[in-house]
Engineer: 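Please see the structure below; I have some questions.
Every chain is numbered from 1 and lettered A, B, ... according to where its sequence line falls, protein lines coming before strand lines. Predicted model only: the values in this text are computed from it and were never measured.
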Amino acid sequence: MDTNKLIKISSITKKLLVALFGAFLLVFLLFHMCANLFILAKDGGEAYGAFTHFMGTNVIVKVLEVVLLGTFLLHICLSVYLWWQNRKNRPVRYHQTSRTKTAKGSKLAIISGSLLLVCLIFHFYDFYFVKLNFVEGTYMVKTEEFMNSEPDQEISEEARVAFMNLINDGKTSKDMQWIRQISAEDKAVLQEAFPKAEFEPDFYAMARQKFSIWHIVLGYLVFFLVVGLHIRHGFESAFQTFGLNHYKYSRLVEILGIIYCWVVCLGFAIVPIGVFFGL
Amino acid sequence: MNFTLHIWRQENAKAKGHFETYKVSDISPECSFLEMLDILNEQLINDHIAHPVCFDNDCREGICGMCGLYINGRPHGNDDGITTCQLHMRKFHDGDEIWIEPWRAKAFPIIRDLVVDRSAFDKIIQSGGYVSVTTGGVPDANAIPVPKRFADMAMDAAECIGCGACVAACKNASAMLFVGAKVAHLAMLPQGQVEANERVKKMVCKMDELGFGSCTNTYACEAECPKQIKRQNIARLNREWIKQLFAGNHKPEE
Ligand code: HEM
Ligand code: SF4
Ligand code: FES
């Protein structure tokens, strides 16, 4: 069966979509990197917590979150589909290995992309899945939720102890608005006592805790390297796919790509390194 | 000079091919690659060794695009900006082993030995690589003013000789450089502009249909093109394609 007929859009349009979704991901990546820098602030998570609270509750952001996941999915599906189709266009391979001089980024895109996907799953496991309640993490909750929420039943002794411990351990923010660094066990106990209280993942605490472990830091540095490899090719490639390659300005795009790549990768890398070395 | 040649032999499109090893000796360094193959074939005929090796060629001066061979891992051999007929034995070292394969792509089936059927390219041209009205003889240079920059770019693109090295070099067997060159060269001249949208649509659809791959911006084509057609032509093809997408629904006649 000619699988090309399955998706009846031309190869160029498919490639355009890969590039379009890729470009959206590039914008997202820059945004993600900038936001991460707040983790470096030694404010007990004040700034980053406010950010994650906004990101976790705002309606527009929630829509964008779905869009982003869809973008990832479509980018991956389309690019893997194209790669698979392209393999079939040379049923008999050459006996000799190619000695044509080309940049390696494009040939490696499927490998760097696949590695990226693997890293991404680990990354989701670390953070995003906590938000989706797939895995347990560390949580934070607005203090007022406790004050306002009417406990359905008598607060159990266990919950009272857990609550007091949190207050006494100084897990509240300076302005007393938030209680942070709530462990999964404490959260479970408190949630039962205060069913209406809305717990959110305390990503600041989770990041700081994870980035104090050397092999996790190393893992993330590898992740960023893989991201770097993929976007070093992707940035320029997207311009070419959009038809934005000009005899005069292609060098400019190349330089922009290199700058973008280094800024994003170093920006990401500085957070785990900084946290690990106690900056 | 003496060489050991490993040449792909294949009776016909359906037969199973294999490499055959031959030795040639006393080859002059001034000898062209195709002349070297001629000498080999004379040997094969005179000594009743085998059917001569079939390979395509015509002009032997780098303008017809017939002579594509995949030599030691590179289309048209180990030099830049030349066709196989322009490759000379002085580019090799005495005693070298030389591997010679035909272009390999689904869209270029093997006819015999090193000869492939490149009529897929003709089909792409037939699908839209023309101007429908008679434009007459060569007009006076000043009759239709074309800015020099555009004339130059169109001329550079028009240099494509349809040899297929771009397809042979590309890991996806993509014909985007060829189609890009053809689309770009007509799109940049006034005569070609009327049909520009339809042309790109028909040619790209034909290209997909014939089993050429899609471009992943690897630029192996650019590196191996004997006429050094630039990747900017692929970008222009993409641009023309986008333009066509938004230009409304032209229904190409059946
Ligand atoms: C998660 C798994 C991912 C996979 C499997 C993947 C795979 C691919 C593949 C195979 C290509 C085609 C390369 C080519 O043919 O030129 C590609 C292109 C691209 N990717 Fe990814 N990618 C992934 C994630 C990402 C991410 C996170 C980003 C953004 C930061 C991204 C940005 C791009 C860009 C900009 C292109 C170039 C588009 C083009 O011109 O075709 N990719 N990707
Ligand atoms: S673009 Fe270059 S390599 Fe491709 S067919 Fe034309 S001349 Fe040959
Ligand atoms: S024989 Fe015509 S280009 Fe080589």
Side-chain angles (χ1 to χ4, degrees), chain A residues 2 4-5 7-20 22 78-79 81-110 113 233-250 253, chain B residues 6 8 17 19 70-75 78 80 99-108 110 149 153 167-174 176 200-201 204-205 207-209 211-224 230-243 245:
Chain A
D2 186 3
N4 233 340
K5 296 267 155 54
I7 302 180
K8 263 204 165 161
I9 44 179
S10 88
S11 60
I12 300 187
T13 305
K14 278 179 223 148
K15 187 63 197 259
L16 275 169
L17 290 173
V18 173
L20 199 70
L78 268 174
S79 56
Y81 175 81
L82 277 175
W83 169 77
W84 183 249
Q85 280 297 321
N86 279 335
R87 278 171 55 87
K88 295 189 187 158
N89 297 322
R90 179 163 292 131
V92 184
R93 316 243 123 211
Y94 287 110
H95 173 76
Q96 309 145 77
T97 42
S98 167
R99 283 170 57 198
T100 300
K101 286 164 248 138
T102 52
K104 294 285 168 287
S106 153
K107 290 185 187 163
L108 290 178
I110 185 70
H233 159 72
F235 189 94
E236 258 178 277
S237 182
F239 273 83
Q240 167 81 4
T241 303
F242 292 138
L244 301 173
N245 192 341
H246 187 279
Y247 294 93
K248 217 186 211 162
Y249 303 118
S250 55
V253 170
Chain B
H6 304 280
W8 185 260
F19 278 100
Y70 197 83
I71 303 162
N72 285 352
R74 288 189 67 183
N78 192 20
D80 295 336
W99 292 82
I100 311 169
E101 281 179 85
W103 285 174
R104 295 211 185 271
K106 190 167 85 185
F108 289 164
I110 293 178
R149 204 163 63 81
M153 286 195 290
V167 176
C170 175
K171 75 178 171 72
N172 313 315
S174 167
M176 290 277 280
V200 66
K201 189 169 175 178
V204 168
C205 291
M207 170 187 96
D208 284 349
E209 182 193 317
F212 291 104
S214 65
C215 182
T216 55
N217 307 336
T218 314
Y219 310 130
C221 51
E222 186 186 51
E224 297 299 4
K230 294 279 172 287
R231 66 183 71 170
Q232 278 79 6
N233 289 294
I234 299 180
R236 184 172 291 274
L237 173 61
N238 291 336
R239 216 146 70 221
E240 291 289 329
W241 178 261
I242 296 169
K243 213 171 80 190
L245 281 181

Engineer: Rounded to the nearest 0.5 Å, what separation is found between the CD1 atom of A:I12 and the NZ atom of B:K201?
Structural biologist: 13.0 Å
Engineer: Taking every heavy-atom pair that is under 4.5 Å apart, which of B:Y219, B:W241, B:F108 has the most such pairs with chain A?
Structural biologist: B:W241
Engineer: Out of B:R239, B:R104, B:R74, return the one with the most heavy atom pairs under 4.5 angstrom to chain A.
Structural biologist: B:R104
Engineer: Step by step, would you call A:N86 with B:S214 a side chain to side chain donor-acceptor pair (under 3.5 Å)?
Structural biologist: CA-CA 7 Å; A:N86 279 335; B:S214 65; 3.1 Å; yes
Engineer: Could you walk me through whether A:S250 and B:Q232 satisfy the side-chain contact (heavy atoms from CB on, under 4.5 Å) test, starting with their C-alpha distance in whole Å, then the side-chain angles of each, then the deciding distance to 0.1 Å, before giving a yes or no?
Structural biologist: CA-CA 9 Å; A:S250 55; B:Q232 278 79 6; 3.9 Å; yes
Engineer: For the backbone of B:N78 and the side chain of A:R99, can you confirm whether one donor and one acceptor N or O come within less than 3.5 Å of each other?
Structural biologist: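 No: the side chain of A:R99 does not pair with the backbone of B:N78.
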Engineer: Among B:Y70, B:W8, B:F19, single out the residue with the greatest number of heavy-atom pairs under 4.5 Å to chain A.
Structural biologist: B:Y70
Engineer: Atom NZ of B:K171 and atom OH of A:Y94: how far apart are they, to the nearest 0.5 Å?
Structural biologist: 14.0 Å
Engineer: Is the side chain of A:R90 donor-acceptor paired with the backbone N or O of B:C170 at a distance under 3.5 Å, no angle test?
Structural biologist: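 Pair found, side chain donor or acceptor close to backbone of B:C170.
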Engineer: Please lay out, stage by stage, how B:N217 and A:K15 fare under the test side-chain contact (heavy atoms from CB on, under 4.5 Å).
Structural biologist: CA-CA 10 Å; B:N217 307 336; A:K15 187 63 197 259; 4.0 Å; yes
Engineer: Is B:T218 reaching over with its side chain to a backbone N or O of A:S106, donor-acceptor style, under 3.5 angstrom?
Structural biologist: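 No.
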Engineer: Can you tell me how far apart OG (A:S10) and CE (B:M207) are? Round to the nearest 0.5 Å.
Structural biologist: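 Nearest 0.5 Å value for the OG-CE distance: 7.0 Å.
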Engineer: Any side-chain heavy-atom pair from A:N245 and B:K230 closer than 4.5 angstrom?
Structural biologist: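 The answer is no, as the side chains (C-beta and beyond) never meet within the 4.5 Å cut-off.
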Engineer: For the residue pair B:R231 and A:Q240, what are the closest heavy atoms and their distance?
Structural biologist: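 Residues B:R231 and A:Q240, closest heavy atoms: O-NE2, 3.2 Å.
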Engineer: In terms of heavy-atom proximity below 4.5 Å to chain B, should A:T13 be classed as side chain, backbone, both, or neither?
Structural biologist: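 When you check distances to chain B, atoms from both the backbone and side chain of A:T13 fall under 4.5 Å.
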Engineer: Would you compute the distance between atom CD of A:Q96 and atom CD of B:E101 and round it to the nearest 0.5 angstrom?
Structural biologist: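 Rounded to the nearest 0.5 Å, the CD-CD separation comes to 4.5 Å.
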Engineer: What residue, out of A:H95, A:K107, A:R87, A:R93, has the most heavy-atom pairs lying under 4.5 Å from chain B?
Structural biologist: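 That would be A:H95.
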Engineer: Which region of A:T97, side chain (C-beta onward) or backbone (N, CA, C, O), has a non-hydrogen atom less than 4.5 Å from a non-hydrogen atom of chain B, or is it both or neither?
Structural biologist: backbone
Engineer: For B:S174, is there any backbone N or O sitting under 3.5 Å from a side-chain donor or acceptor partner on A:N89?
Structural biologist: no
Engineer: Checking B:P75 against chain A: side chain, backbone, both or neither under 4.5 Å from a heavy atom?
Structural biologist: side chain
Engineer: Working to the nearest 0.5 Å, report the span between OG1 of B:T216 and NE2 of A:H233.
Structural biologist: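 B:T216 OG1 to A:H233 NE2: 6.5 Å, rounded to 0.5 Å.
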Engineer: At a 4.5 Å cut-off on heavy atoms, which part of B:I234 comes close to chain A: side chain, backbone, both, or neither?
Structural biologist: both
Engineer: Quick check on B:D80 against chain A: is it the side chain, the backbone, both or neither that has a heavy atom closer than 4.5 Å?
Structural biologist: side chain
Engineer: So, the side chain of A:K101 versus the backbone of B:A223: is there a donor-acceptor pair under 3.5 Å, distance only?
Structural biologist: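 Pair absent, no side-chain N/O of A:K101 close to backbone of B:A223.
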